[in-house]
Amino acid sequence: MTKRKTFGILAVTVLTASVALAGCGSSNGNNNGGSSASASSGSSSPAASGSASPSSSGSSSPAAGGGTVKLTIGGYSILKDSFGELIPIFQKEWKDKTGQTVEFDQSYQASGSQATAIIQGLEADIAPLSLEGDIQKIVDKGLITNDWKSKPHGGMITNSIAAIGVREGNPKQIKDWTDLTKSGVEVLIPNPSTSGGAKWDINGVYGAGLKISEAAGQKDPEKAKELVAQIYKNVKVLDKSGADSLTTFDKGIGDAIITYENELLARIQKGQKYEEVIPQYTTLIENPVALVDKYVDKHGNREVAEAFLDFLWSPEAQDVLAKHGFRPVDEEVAKKYADQYQTPSGLFDTSYLGGWDQVNKDLYGTGGMWESVLAGGK
Amino acid sequence: MASQAFKAASRSLLIAYLLLLVALPIATVYVKGFSLGWQPFWEEISGSVAWKSILLTIKLSVVSTLIQAVIGTIIAYVLVRYSFRGRTLLSSLVDLPFALPTSVAGLMFLTLLGPQSPIGDWLHRIGIELLYNQAAIVIGLTFVTFPFVVRTVQPLLEQLDASEEQASYTLGAGRGFTFRHVVFPAIVPGILAGSMLAFSRALAEFGAISLISGNLPGKTMVVSVFIYGETQNFRPEGAAALSAVLLTLSLAVLWTINALTRRKGRLA
C-alpha cells in the first residue's frame with residue numbers, strides 16, 4: 001500500500017515538473033519568434049543532419065582551386081529526376097572553371113512540406129519549390145533576405161500548366177474539367193495542405209469555374225467553388241505530394257489525375273500509356289527558385305550557390321528541363337520545344353485569381369473555399 | 001549502506017529517464033496545444049474536418065477492437081487448447097505485426113488489394129472495394145493490433161487447469177455452456193486488457209493507414225494523418241491540440257486498464 005502511494009506521489013511530481021519545464025521551454029521559444037519547440041523536430045528530414053562544418057572550411061578559400069564545396073538542395077518532389085540530370089552537368093562545369101568539386105545534398109518532398117522543413121531547420125541553400133507562396137513562407141520567417149524576384153524571369157525556372165491525365169484511349173471520355181464531375185469517374189489529386197502541385201491543380205479548376213461563369217455572364221466565385229466541390233466528390237485518394245499521387249495513378253487507381261502537365265509528359269515519355277487532356281480553361285504554372293540567405297551565409301558557399309542558380313536559367317539547363325516536360329522560361333529554348341506544347345485558349349495565370357496572397361487567403365486559408373468544400377463532404 | 005546508495009541512485013536514474021523520455025515530451029504537447037488558451041484550442045478540435053477525423057478514428061478503432069476481441073480470443077483458445085502441426089509456426093506469426101514497420105503492412109495491403117493484383121481485380125469485379133475507404137482502415141487497424149488480445153488471453157488460458165473444463169463436461173455440460181461458465185470468466189480480464197491496448201494502439205496508427213485510407217478529410221482521414229498534415233502545413237498549434245486529445249484518450253484507456261487489472265488482482 002505505502003509503496004503504491006510513494007509511486008503515485010512520484011508520478012505526480014514527475015508530471016508537474018515536466019509541465020513546468022516544458023512551459024519554460026516554449027515561453028522562451030515564443031520570445032524568439034515562436035518556433036523553437038518545433039525546431040528540434042526538424043531532425044526527421046534525412047538531409048537535416050548534413051551539417052555545415054565540413055563545407056564551410058572547404059569553401060573559405062574558393063579561389064585556391066581544388067577542394068570541395070557542398071550545396072544543399074531542398075526542392076519539391078517533382079524535380080528529383082530533372083535535378084538528377086542537371087547536377088552532374090553543373091558539377092562538371094564548376095570543376096572545369098574553378099577546380100572545385102561540388103557535393104550535393106538533396107532532399108525532395110511535397111512543396112509545402114519542404115518549405116516547412118526549411119523553416120524548421122533543414123539547411124537548404126537552394127530552394128526550388130512549386131509555387132511562390134511556399135517561397136513566401138520562408139521569406140516571412142526571415143530566412144530569405146535577397147530580392148529573389150529580381151532574378152531572371154521573376155525568379156521562375158520553369159512553367160507548366162495544370163492538366164488532366166487519363167488512361168489509354170480515354171475510356172471515360174474526359175474532355176474538360178466538367179467531365180470529372182460525372183458519377184463513376186474516379187479522380188486523383190494531392191492534398192493542398194502539403195502539396196504545392198495540389199494548389200496549382202485546384203487553382204486551375206477554380207479559375208476555370210470563374211471563367212465559365214464569366215463566359216455565361218458574371219464572374220461568380222460560388223459557381224467556381226461548386227465545380228471544385230463536384231470534382232472533390234469524385235476524388236478517391238488525396239496523396240501528400242504530386243509525385244505520390246502519380247505513383248497511386250501508376251498502381252492503376254483512378255480514371256483521371258489532375259496534375260502538372262510536365263509530370264504527365266515525363267511519364268508518357270517513359271512509356272506509360274497515359275493521355276494528356278488539356279482543359280479549355282486552365283492555369284499557367286510558374287515554379288520559383290530562391291537562394292536561402294541564412295543557410296548560405298552559415299555555410300559560406302554563396303559563390304557556388306549563385307552560380308548554380310544562374311546555371312538553372314542557362315539554355316543548357318533549360319533544355320534539360322524541357323526534356324522532362326516543363327515549359328522552359330528561356331524564350332529561345334521555348335521556341336525549340338514549341339510544338340511539344342499546346343496552349344489552351346483560356347489559359348490564365350495566378351493574377352486572374354488575385355495573386356498568391358489572395359489565393360492563399362481566399363482558397364486555402366482558415367474558413368476559405370477549400371475548407372468549406374471539405375466540410376461539405378460527408 | 002551501499003545497497004541504499006544503490007537504491008537511491010537507481011531510483012533517481014529511473015525518474016530522470018521517465019522525465020526525459022516520457023513525461024517531458026507529453027507535457028510539451030499539452031503546453032503547445034493550450035499555448036493560445038482554451039478558446040483557440042476548442043476551435044482547433046471542433047473545426048469540422050478535425051472533429052470528423054476524431055470521430056472517425058474512435059469509431060473505426062472500436063470496430064477493429066471488437067473484431068480483435070472475438071477473433072483474438074478464439075485464436076488464443078485454439079493455440080492453447082489444441083495441438084496440431086504448425087502450431088508453433090502459427091504462434092510465432094501472431095507477433096509478426098509487432099515486428100513489421102506499419103508502412104510495410106500498408107504496402108502489403110496495397111499490393112494485395114490493388115487493381116493490379118489478381119485478388120484486387122477479382123474483388124473489384126464482384127463489386128467489393130477494400131482500399132481507400134473505411135473498410136481499408138479497419139483492415140489496417142485489425143492487422144497492426146493483431147497480437148494484443150491473443151497475447152493477453154493466452155497466459156490466462158494456460159493457467160486455467162484443463163481438468164476444470166473436463167469436470168464440466170463430465171457433469172454433463174455442453175461445449176458452449178462450459179466455455180461461457182468456466183473458461184470465459186477466467187479470461188475476461190485478459191480480453192479486456194488486450195482490447196484496451198489494441199484500442200489505444202489503433203487510435204495512434206499512422207503508417208499503414210496513411211497509405212491505404214485515401215486520406216480524404218472528413219471521409220477517410222484519421223486523426224494521426226490529420227496531425228501530420230497540420231505539422232507539414234506549419235500549423236503546430238493545430239497539430240498539438242489534436243495530439244493533446246489523442247494523448248488524453250490514450251492515457252485514459254491505459255489508466256482504465258491499470259485500474260481494471262488491479263481490481264481483478266492480476267497483471268496483464
Side-chain angles (χ1 to χ4, degrees), chain A residues 4 10-11 13-27 29-30 34-35 37-38 41 44 109-110 112-117 119-120 137 141 186 191-195 232 235-240 244 248 250-254 364 366-367 370-378, chain B residues 11 14-32 34-35 43-44 47-49 51-52 110-111 114-117 120-121 124 129 131-133 210-221 225-226 228-240 262:
Chain A
R4 189 168 297 151
L10 211 97
T13 324
V14 164
L15 262 174
T16 328
S18 51
V19 166
L21 259 175
C24 295
S26 81
S27 65
N30 287 342
S35 62
S38 37
S41 69
S44 59
Q109 53 180 326
S113 302
Q114 190 65 275
T116 306
I119 291 166
Q120 292 185 337
K137 277 191 205 168
K141 294 286 169 183
E186 287 176 353
N191 189 338
S193 77
T194 48
S195 160
Y232 178 69
V235 169
K236 177 100 174 166
V237 186
L238 211 55
D239 279 304
K240 64 180 183 298
D244 285 353
T248 306
D250 288 343
K251 286 198 193 100
I253 313 281
Y364 308 110
T366 313
W370 180 246
E371 231 180 57
S372 85
V373 166
L374 292 184
K378 284 184 285 303
Chain B
R11 193 181 302 155
L14 176 75
I15 299 172
Y17 183 79
L18 260 180
L19 192 71
L20 275 176
L21 276 168
V22 183
L24 185 64
I26 289 179
T28 315
V29 165
Y30 280 108
V31 169
K32 186 85 189 170
F34 288 107
S35 59
E43 276 163 18
E44 290 292 349
S48 87
V49 173
W51 185 240
K52 277 180 187 165
L110 273 188
T111 323
Q116 280 171 351
S117 91
D121 188 45
H124 182 76
E129 295 284 345
L131 273 184
Y132 305 116
N133 53 22
S210 66
L211 285 174
I212 59 180
S213 72
N215 305 326
L216 297 179
K219 289 184 199 163
T220 55
M221 183 179 270
V225 176
F226 183 83
Y228 173 79
E230 292 287 272
T231 61
Q232 296 302 296
N233 203 16
F234 208 65
R235 299 194 55 227
E237 283 82 13
R262 210 182 299 150

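Computation of the quantities below employed the complete heavy-atom set of this structure, encompassing side-chain atoms and omitting hydrogens, waters and symmetry-equivalent molecules. Order of the sequence lines sets the chain letters (A, B, ...), proteins ahead of strands, with each chain counted from 1.
- Looking only at distances, no side-chain donor or acceptor of A:Lys240 sits under 3.5 Å from a matching main-chain atom of B:Gly229.
- For the side chain to side chain donor-acceptor pair (under 3.5 Å) test, no residue two or more places apart in sequence or in another chain qualifies with A:Glu371.
- With rounding to the nearest 0.5 Å, the separation of OG1 in A:Thr194 from CG in B:Asn215 is 9.5 Å.
- Once rounded to the nearest 0.5 Å, the distance linking CD of A:Glu186 with CD of B:Glu129 reads 6.5 Å.
- The distance from the CG atom of A:Leu374 to the NZ atom of B:Lys52 is 8.5 Å, given to the nearest 0.5 Å.
- Nearest heavy atom pair, residue B:Thr231 against residue A:Thr116, reads O-CG2, 3.4 Å.
- In this structure, OG on A:Ser193 lies 7.0 Å from CD on B:Glu230, to the nearest 0.5 angstrom.
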Exercise for the section: Go through the steps to decide whether B:Gln232 and A:Gln114 satisfy the test side chain to side chain contact (heavy atoms under 4.5 Å, CB included), and finish with yes or no. Expected result: CA-CA 8 Å; B:Gln232 296 302 296; A:Gln114 190 65 275; over 6 Å; no

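- By the ring-ring contact (aromatic ring centres under 6.0 Å, His included) test, B:Tyr228 is found to be paired with B:Phe206, residues two or more places apart in sequence or in another chain being considered.
- Residue with the most contacts toward chain B among A:Val235, A:Asn191, A:Asp239: A:Val235 (heavy-atom pairs, distance under 4.5 Å).
- For the atom pair A:Lys251 NZ and B:Thr111 OG1, the distance stands at 7.5 Å (nearest 0.5 Å).
- Note that the CD1 atom of A:Ile253 and the CG atom of B:Leu131 stand 6.0 Å from one another [nearest 0.5 Å].
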